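Working notes, structure below.
Every chain is numbered from 1, with letters handed out A, B, ... down the list of sequences. As the structure is a computational prediction, the values presented were derived from the model and not from experiment.
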Amino acid sequence: MKILTTVKKVVDVELNIHVENGAILDKGLQYVINAWDENAVEAAVQLKESHKADTTLVSLGSGDNTDIIRKCYAMGIDNAIHIDDPALAKADSPTFARVLQKVYEAGDYDLVITGKQAQDTDAGQAGIMLAQFLNIPCVSNVIKIEVTDDSHIQVSRLGDAGTEILDVTLPAVITVSDGINEPRLPAMRGIMMAKKKKINVMDLAGLGTSFEDVGGTAPTSEIVEFMPTEKRKGGQKFEGEPAEVTAKVVDLLVNEAKVL
Amino acid sequence: MSPLFMTLLLVVGLGIFARTMYQRILLLMALEPTDRFNRIKDRLKNMVIIALGQKRLVGRKKERASGIMHALIFWGFCVLIIRSITLYGEGYVHGFQLPLLGESSVLGYLYIALKDIMEGVVLIMVIWAFYRRLVVKPPRLHNTWEAYLVLGMIGVLMISDLLYDGARFNLIASYGNPGDLHYFNNPTFGQEFLWTPVTVLAGNVISGFSATGMERVMGLMFWIHIITQLAFLNFLPLGKHFHVITSLPNVFLKSLDYPHDKIKLLDLEDESVWEDETLGVNHLHQLNWKQGLDLYTCTECGRCKEVCPTYVTDKPLNLHDFNDTLKAELYANADNLILRAKLAKILTGDAEKDAKTKEKMAVFKPEKALVGEVIALDTLWACTTCRACEQVCPVTIEHVPRIIAMRQGQTLMQGEYPQELNTAFKGLERNGNPWGIGYDKRADWAEGLDVKLMADHPDAEYLLWVGCAGSFDDRTQKVTKALVKILKAAKVDFAILGTEEKCTGDFARRTGNEMMYQMMATENIEVLNGYNVKKIIAACPHCLNTLKHDYPQMGGHYEVVHHSAFINQLIADGKIRVKKSLAGMLTYHDPCYLGRYNEIYDAPRNVLNTLSSQGLNELPRHGTESFCCGAGGGRMWMEETIGSRINVERSKEIVAENAETVAVGCPFCLTMIEDGMKELNKDEDIKTRDIAELVAEHLA
């Protein structure tokens, strides 16, 4: 089984993100692997261990992703491709999905595993769009993958009403949720040994396409402005007789907050 | 007596002994090197005080009686060695005496008197030891047949020598010296037996024999003594009584680093160490020879487990079993280890040429994995690195560095470590703190307190090292704020690093994650040296210890002071004034990394005594024998699922003392003890406070 898994490098959202004039300030920002993609990598590596799957990782972006790719190597990924093209800095989800489609078509993959969404944009579209473009099955929000045979897998997905269990014919795209596994922290030995592994870096031309080809020049959506989230205000504390306080609270809810 | 028989006994006895010792030494030489032959003067001093002086046996109040017993047996043996040589001589030369110890010198008389008394004393001690093992049965002792056999042998040695001399006395005094037996007789010092009351007493006990019978007794006792002694000598290297031979060298060769052998600074950039998996201790042959000698020397006295916070709370770490198991594994694989070491010597460093040799070396690998099979994972990860065991070990065995080296092997090479640590490691990697809170929030606690940043005030006299707990933990932030209040009151010129500070890497290092530790240390040292920081105040003993003892290995040299010592100095210098108004019973919990690791015992006590109206009340386990809170050695970041909880055990001790306030000097202790009090529903009655908080509350 050949598995393609995708990773995105995202801003660490644990940190305070400063916004000025509608743009994110590049001050004190740190970049990490998108957490759901880490789940995807872990899922792929687990399939490698249980079913001798061959795993390939692809990361898209503009700039150096060596650090996060090395980490995935240390986790157990076999091959890595990095599509490094400055044009991708302004790409939207469909464009990313088109690039992934090109990567998919260049290899002979049975299964694509992606994170269900990225922590930075929370769009959650690239994986699903990829399946659409390839016209193959897609299951999102997956929390369990089991291999049935060479051309079938059974997956559990978290649906609105509970867990759904689906039989899927390969090839297919699976987007995973964090409930699927606890990504391993690679052994230090793995990290050091990963330094020697080669990363296949190429730009869009190298992939046999162009920004225009993948729809980058005609984006379907555009980021207009970033706005800082409002700080949570402190609560109010009322003291006194229960009847008095109740009356006061009701009054505020009706007249000030206007929620009743 | 009989030169032929004596020669036979000596050749056989010493021959077998030499062969055993040769094997034991070869085995040590097959282990990793470590330099223990520097600073001979300091080493001799240690040997005189700790080994010859039996410091840790007679020095501990709790164990003084049995300590004195052991010391007297040991000193008795030291005295009797000279007597033994004389007896071997007697086998060849009638009336053999050592130079200076003959009848012409007072030294000779003093010696026989001392030997006489010591034989009596040792015999009484042996009887007491039997009684202790059979009747009293202290829980720390392993009651094995070996112990009884050895005690029995010592008893036989004493009795046979006393009866030999006693029979000699009877023959000389009562039967007119029929065999022309030699004895001391000097016009000034008198006759030998005037100096040996115990011998005379022994003679009286067997006075009923005829002259011939007495001669037979004398001969019999002589040979019983010689044979027992040679048998004893050969028995020693086989079991725990090897310590009789190895203790003195073991103490002499002990690490002179403080407080124990420093954790090795591993070269992580060297690719070959990762390929050959040579980091840490994952295999027997990776122990160094001194660690092997430690194992030879473990006497299984059980002092270590008795003070071990994990053992008393039913965790699987039992240090003397740990030692014993490793020793047995070492012996079981001795031949293979020696053969492997021979091959290792011909390695050239050229990968191609060495491939074949390495293949051959791999054949000699022990069957069982060192960690996982020989030593269980739960055992290895239980240790809190509190050093209570090392502090009490009479033969200075260093358990903690060995445990950390084994953890390094697991963490770096195998990736086998308690998975709870993942979150903390990830937090370090991304945000420089084990909680994983955004690094940019590190100085949020200081908002509105007008605390200067090093970046704005690079010439500050002191750097206040806040630490992760002091920066991110709500409870510990109060300690940091209290400390800031004190420093401001004393007009100390200080600044903090703010978001430039990162975890010192203490817990990463002690859980074997040398890579993460070096990452943290490198970045911190770069920042500290960039500001040319000289003096640091640290409110966390773990930070203090790492900054002070670990960072110099990587080029960070600072004068680091714990806040309790700093506050003590501020009070002494009159820079702050405090009211003696802390009411109620006050006690103090010594943090391991402050006390046992850095010998800071008095400063916190001075401060507390200054505050408390009724003075400080000590806990039963305090000072060097303080009981760990359970959070050291990275345990803060692991689950405690086996046995009872260490912090609750400690909290119970505090509750039993009727304390109203318990003072601590470490953020981990603060969390653990406070949690323990909550668990016992005592958090309303007993306040857990950092020294800084108490001082800030009582500033005049």
(message) Under 4.5 Å from any heavy atom of chain A, what part of B:Thr411 do you find: side chain, backbone, both or neither?
(response) backbone
(message) Quick check for you: to the nearest 0.5 Å, what is the distance between A:Asp12 atom CG and B:Asn431 atom CG?
(response) 5.5 Å
(request) Name the region of B:Tyr417, side chain, backbone, both or neither, that has any atom closer than 4.5 Å to a heavy atom of chain A. (result) side chain
(request) Name the option with the most non-hydrogen atom pairs under 4.5 Å to chain A; the candidates are B:Met516, B:Glu269, B:Glu275, B:Glu271. (result) B:Glu275
(message) I'd like to check A:Met192 versus B:Met515 (side-chain heavy atoms, cut-off strictly below 4.5 Å). Are they in contact?
(response) yes
(message) Does A:Glu241, at its CD atom, have more than 12 non-hydrogen atoms belonging to other residues, nucleotides or ligands within less than 6.0 Å?
(response) no
(request) Over all heavy atoms of both residues, which pair between B:Glu277 and A:Arg189 is shortest? Give the atoms and the distance, please. (result) CG-NE, 3.3 Å
(message) Please check if the number of heavy atoms outside B:Lys452 that lie under 6.0 Å from its NZ is greater than 12.
(response) no
(request) Starting at CG of B:Leu268, measure out to CE of A:Met188 and round the result to the nearest 0.5 Å. (result) 9.5 Å
(request) Quick one: pull up CG in A:Leu185 and CD in B:Glu429 and give me the separation to the nearest 0.5 Å. (result) 6.5 Å
(message) Check this for me: B:Lys353, atom NZ, are more than 12 non-hydrogen atoms of other residues, nucleotides or ligands nearer than 6.0 Å?
(response) no
(request) Tell me, for B:Gln414 versus chain A, whether the close heavy atoms (under 4.5 Å) come from the side chain, the backbone, both or neither. (result) backbone
(request) Look at B:Leu421, B:Leu412, B:Thr499 and state which one has the largest set of heavy-atom pairs under 4.5 Å with chain A. (result) B:Leu412
(request) Tell me, yes or no, whether the heavy-atom count around A:Lys90 atom NZ, taken from other residues, nucleotides or ligands under 6.0 Å, exceeds 12. (result) no
(message) For B:Asp350, is the CG atom crowded, meaning more than 12 foreign heavy atoms sit under 6.0 Å from it?
(response) yes
(message) Taking atom NZ as the centre, does B:Lys441 end up with more than 12 heavy-atom neighbours from other residues, nucleotides or ligands that are less than 6.0 angstrom away?
(response) yes
(message) Tell me if the NZ atom of B:Lys358 is crowded by more than 12 foreign heavy atoms within 6.0 Å.
(response) yes
